[in-house]
Peer 1: 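Dumping the structure here so I can ask a few things about it.
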2 protein chains.
Amino acid sequence: MEQFNREIDELLLYKEFKKLRHLLAEHDSFKLAKLIEDRDDDNEIILFRLLNRAQTKEVFSLLSYDKQYKIIKKLEQKNHKFSILLNEMDPDDRTTFFDKLPDEITQKLIDFLSPKEQTIAIQLLNYPEDSIGRLMTPKYVAIKSEYSVEEAFSHIRKYGQDSETLNVIYVVDEKQKFIDEVHIKELLLASPTQKIEELLDYHFIALNAMDDQEKAIRIFQDYDRVALPVLNADGIILGIVSIDDIMDVAEEESTEDFQKFGSFSEAISNPLKERIFNLYKKRIVWLVALVFMNIFSGAALASFETLIESMVALVFFLPLLIDSGGNAGSQSATLMIRSLAIGDVKLTDWYKLIAKEIGVALLLGGTMALAVGLVASFRAPEIVFVVCATMVIVVLVGSLIGLLLPFVFTKLKLDPATASAPLITSIADISGVIIYFSIASWYFGIR
Amino acid sequence: MEQFNREIDELLLYKEFKKLRHLLAEHDSFKLAKLIEDRDDDNEIILFRLLNRAQTKEVFSLLSYDKQYKIIKKLEQKNHKFSILLNEMDPDDRTTFFDKLPDEITQKLIDFLSPKEQTIAIQLLNYPEDSIGRLMTPKYVAIKSEYSVEEAFSHIRKYGQDSETLNVIYVVDEKQKFIDEVHIKELLLASPTQKIEELLDYHFIALNAMDDQEKAIRIFQDYDRVALPVLNADGIILGIVSIDDIMDVAEEESTEDFQKFGSFSEAISNPLKERIFNLYKKRIVWLVALVFMNIFSGAALASFETLIESMVALVFFLPLLIDSGGNAGSQSATLMIRSLAIGDVKLTDWYKLIAKEIGVALLLGGTMALAVGLVASFRAPEIVFVVCATMVIVVLVGSLIGLLLPFVFTKLKLDPATASAPLITSIADISGVIIYFSIASWYFGIR
């Protein structure tokens, strides 16, 4: 790579574009994408424009979103090449790319497309965001059930060039209604004269274009497929979704959940590339909201002023006790958020989990009370009972909050991951303060 | 499904096994897997044993791990059928299944395999856990570069029956050294007399059997493939890995990271099925460790006893201030853990992120200081300065801890997700207590 880079630099310096074009043509798209990705000067666009047609398309789809955007901005002056590029991108890659752009730019870009590709693009963009319709590509091969295997192969040879996969061939009737799919493996192993209908078992898994992408992730994981047909309400095939697109979606969803749990208001894709102000914007919302929530724990503390003044030692155990409730709560929330996301647990399972959680939380609280009791008995023997009793109760309360909040958010049609660790901590803090000082106040008879 | 269930129950009741066998043979594996999964009595094993051979294999691989284990336990008495089942499972599915069992049971099960399958199983199990070797299957089709397309097809027809995918065909030399891969699409579209070598470009992506599975996830995501060849150090092909296995691994890794961040010591797959004591065991480790860590914040507080006694109002803002540091820290940690996991950020990038983080943290801390200053100016105007100054510093310190800890853990060859939200919160608490009361002690001149 080092030497290759040096060679390119030299040719660029002496403007040997013809030699450059030949040199680039000899290398594969991965290497070229890396070459262009790593450059941050005007040469990136020169290199990009020296690629041949097939390379242009492949290299472009391998670039990061930032780089794609930059190249498009620069290419807009030079309409012709740009329009070829857009027209040749895979429709599903193009939809993903369009989705990230402001609407007015998307509209402008659609103008660059040929009438045929425009229809495809508009069709794909009409589906709700996060719907399976947005992921599908109309590039598949469909055959009729009355074909022979031989006829199927000649059909594939004729129309298969553009297909995203030839691993699965789709069988439809004359109205494009989906009947079944047949794996290329079965075709390859069958005798050429056999009829397609003999290969069908009429059992299939299909996706619905309007369904949520999360549903597609679940189905792909449960049924080990590499591509699935997408149907409309009438059973007409609209396109297919392939597993590599699903994997990208699954990774994004996972990242989003993870970051929400860390209390980001919006997901951040790459912190190295994100601007400081955007990082600030996506972090500040929850942080300030939590400051205001925490003012309640301050108010609760203020109402116990006399008690605190007469027994300052209580304060020493305050961070420990309120944290313990928050920690136990974060655990339960993590478990529930992830289980709800991957479908192990359903909304209606909440009551099944409560009894178990009470059992676990009492065991946890008991063990932690023992640990803290040991320390307190040396340092402040007069408050051992209060500290231990508080520990058991805050762990119980924290765990139940952590368990239930993700269900509540799901019920409210919010992402369960909104029950972030910091949110749980703050709620556990307020309840912890109240529990701790109420027990102390009752035990010592001081208010 | 309802009616189907009722029909099955009736046939079971009257022991109409012949009719049952016929009825079951008419349904697809997904439906049958669901039927068996949902049953929790002795009938599950009767139903399972009434399946035909092809169904047995497919249905078994669709069942949950718990159910698979239960069925194996029950089948052990009836060796014959069980051994057929094990022998016919896909080697990679079998490895995954073996991996979850105690070693002595795995060993016992390997005995059930035919000599040929034993070799495959032992080979797969010899690779380090979490290595790509554990995921690969030796079921692929390899051809020679001197074949014609026609010869390739007849080779595929002959040896392709068992292959996990026929989407990609692997080209090797006489020593099994991997040369290139050819997509079935290219074969289908090529003329029958063309030579395979004309279709090759000798650029390929391959995996190494000893590499970590995480690396495979990255490569599959970056290069949009459905299967990749696995080579040893000499370039000999050992097997292939397909994307559906990679997707399962990616999901597991994600779950593990998520749960570690919520401070579980070991991942929990399904909370509905996990026993109370196991839940306790996987949660208690970190909770007790954090209790002991938090004792330091108690000790820090105790050392400021005089200050606290003379100015109890300081305590009211304690939970708010220490939480704020922890919250900002949890955010940075989330961002880093996920970015490290998906490869957006590398170990060597830490210093690039620090300058940015300081900028963001100062903006965050400033905004939060404004918010809390507003409240404090009404409630306790004498400590407004101390509270605001503390806020800025704890947010800065918390953010930097959250940013750096995942890098430190990675450097120590630990999972970055070990920098869990509760751990960050506890560290932020201790530093928060010290910062807060040190500033107050300096400002008021009380120690």
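These figures come from a predicted structure and were not determined experimentally.
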Peer 1: Taking side chain as everything from C-beta outward and backbone as N, CA, C, O, which of these in S339(A) sits under 4.5 Å from a heavy atom of chain B? Side chain, backbone, both or neither.
Peer 2: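 Contact with chain B involves the side chain of S339(A) alone.
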Peer 1: Check whether A190(A) gets within reach of chain B through its side chain, its backbone, both or neither, counting any heavy atom under 4.5 Å.
Peer 2: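 Contact with chain B: backbone only.
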Peer 1: Heavy-atom distance under 4.5 Å to chain A: side chain of K158(B), backbone, both or neither?
Peer 2: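 For K158(B), there is no contact with chain A at all, as no heavy atom is under 4.5 Å.
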Peer 1: Top residue by heavy-atom pair count (under 4.5 Å) with chain B, among D248(A), V345(A), D429(A), T255(A)?
Peer 2: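 Highest number of heavy-atom pairs under 4.5 Å: T255(A).
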Peer 1: Does any backbone or side-chain atom of L363(B) lie under 4.5 Å from a heavy atom of chain A? Answer side chain, backbone, both or neither.
Peer 2: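 Both backbone and side chain of L363(B) come within 4.5 Å of chain A.
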Peer 1: Where on K352(B) is there a heavy atom nearer than 4.5 Å to chain A: the side chain, the backbone, both, or neither?
Peer 2: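 K352(B) touches chain A through side-chain heavy atoms alone.
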Peer 1: Given heavy-atom pairs under 4.5 angstrom as the criterion, report whether the side chain, backbone, both or neither of A421(B) touches chain A.
Peer 2: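 Only the side chain of A421(B) comes within 4.5 Å of chain A.
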Peer 1: Parallel, tilted or perpendicular: which fits the ring planes of F258(A) and F258(B), with parallel below 30° and perpendicular above 60°?
Peer 2: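 F258(A) vs F258(B) ring planes: perpendicular.
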Peer 1: Measure up the F261(A) and F261(B) rings against each other and bin them: parallel (under 30°), tilted (30 to 60°), perpendicular (over 60°).
Peer 2: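 Ring orientation, 0 to 90° scale: perpendicular.
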Peer 1: Can S254(B) and S254(A) be counted as having a side-chain donor-acceptor contact under 3.5 angstrom?
Peer 2: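 The answer is yes; a qualifying pair exists.
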Peer 1: Report which part of L272(A) has an atom under 4.5 Å of a heavy atom belonging to chain B: side chain, backbone, both, or neither.
Peer 2: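 Contact with chain B is through both the backbone and side chain of L272(A).
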Peer 1: Can you tell which part of N327(B) gets under 4.5 Å to a heavy atom of chain A, answering side chain, backbone, both or neither?
Peer 2: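 Contact with chain A: backbone and side chain both.
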Peer 1: In the structure I gave you, are the side-chain heavy atoms of S242(A) and R225(A) within less than 4.5 Å of one another anywhere?
Peer 2: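 Not touching, per the 4.5 Å side-chain cut-off.
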Peer 1: Please state whether the side chain, the backbone, both or neither of E186(A) comes within less than 4.5 Å of a heavy atom of chain B.
Peer 2: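 Neither part, no heavy atoms under 4.5 Å.
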Peer 1: Non-hydrogen atoms of chain B under 4.5 Å away: do they reach the side chain of V291(A), the backbone, both or neither?
Peer 2: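 For V291(A), backbone and side chain are both near chain B.
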Peer 1: If I measure from the heavy atoms of chain B, does V375(A) come under 4.5 Å with its side chain, its backbone, both, or neither?
Peer 2: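 For V375(A), side-chain heavy atoms alone lie under 4.5 Å from chain B.
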Peer 1: If I measure from the heavy atoms of chain A, does V360(B) come under 4.5 Å with its side chain, its backbone, both, or neither?
Peer 2: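 Interface part for V360(B): both.
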Peer 1: Select one option (side chain, backbone, both, neither) describing which atoms of M336(A) are under 4.5 Å from chain B's heavy atoms.
Peer 2: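 Just its side chain gets close to chain B.
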Peer 1: So which part of I430(A) gets closer than 4.5 Å to some heavy atom of chain B, the side chain, the backbone, both or neither?
Peer 2: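 No part of it gets close to chain B.
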Peer 1: Which atoms of S420(A) come close to chain B, meaning under 4.5 Å heavy atom to heavy atom: side chain ones, backbone ones, both, or neither?
Peer 2: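 The answer is neither part of S420(A).
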Peer 1: Using heavy-atom distances under 4.5 Å, tell me whether I308(A) contacts chain B through its side chain, its backbone, both, or neither.
Peer 2: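 Side chain only.
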Peer 1: Sort out for me which of E305(A), E309(A), M368(A), E251(A) touches chain B most, counting heavy-atom pairs under 4.5 Å.
Peer 2: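 Answer, by heavy-atom pair count under 4.5 Å with chain B: E251(A).
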Peer 1: Which region of S426(B), side chain (C-beta onward) or backbone (N, CA, C, O), has a non-hydrogen atom less than 4.5 Å from a non-hydrogen atom of chain A, or is it both or neither?
Peer 2: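 Interface part for S426(B): both.
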Peer 1: Go through the atoms of D201(B) and report whether side chain, backbone, both or neither lie under 4.5 Å from a heavy atom of chain A.
Peer 2: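 Neither part; nothing is under 4.5 Å.
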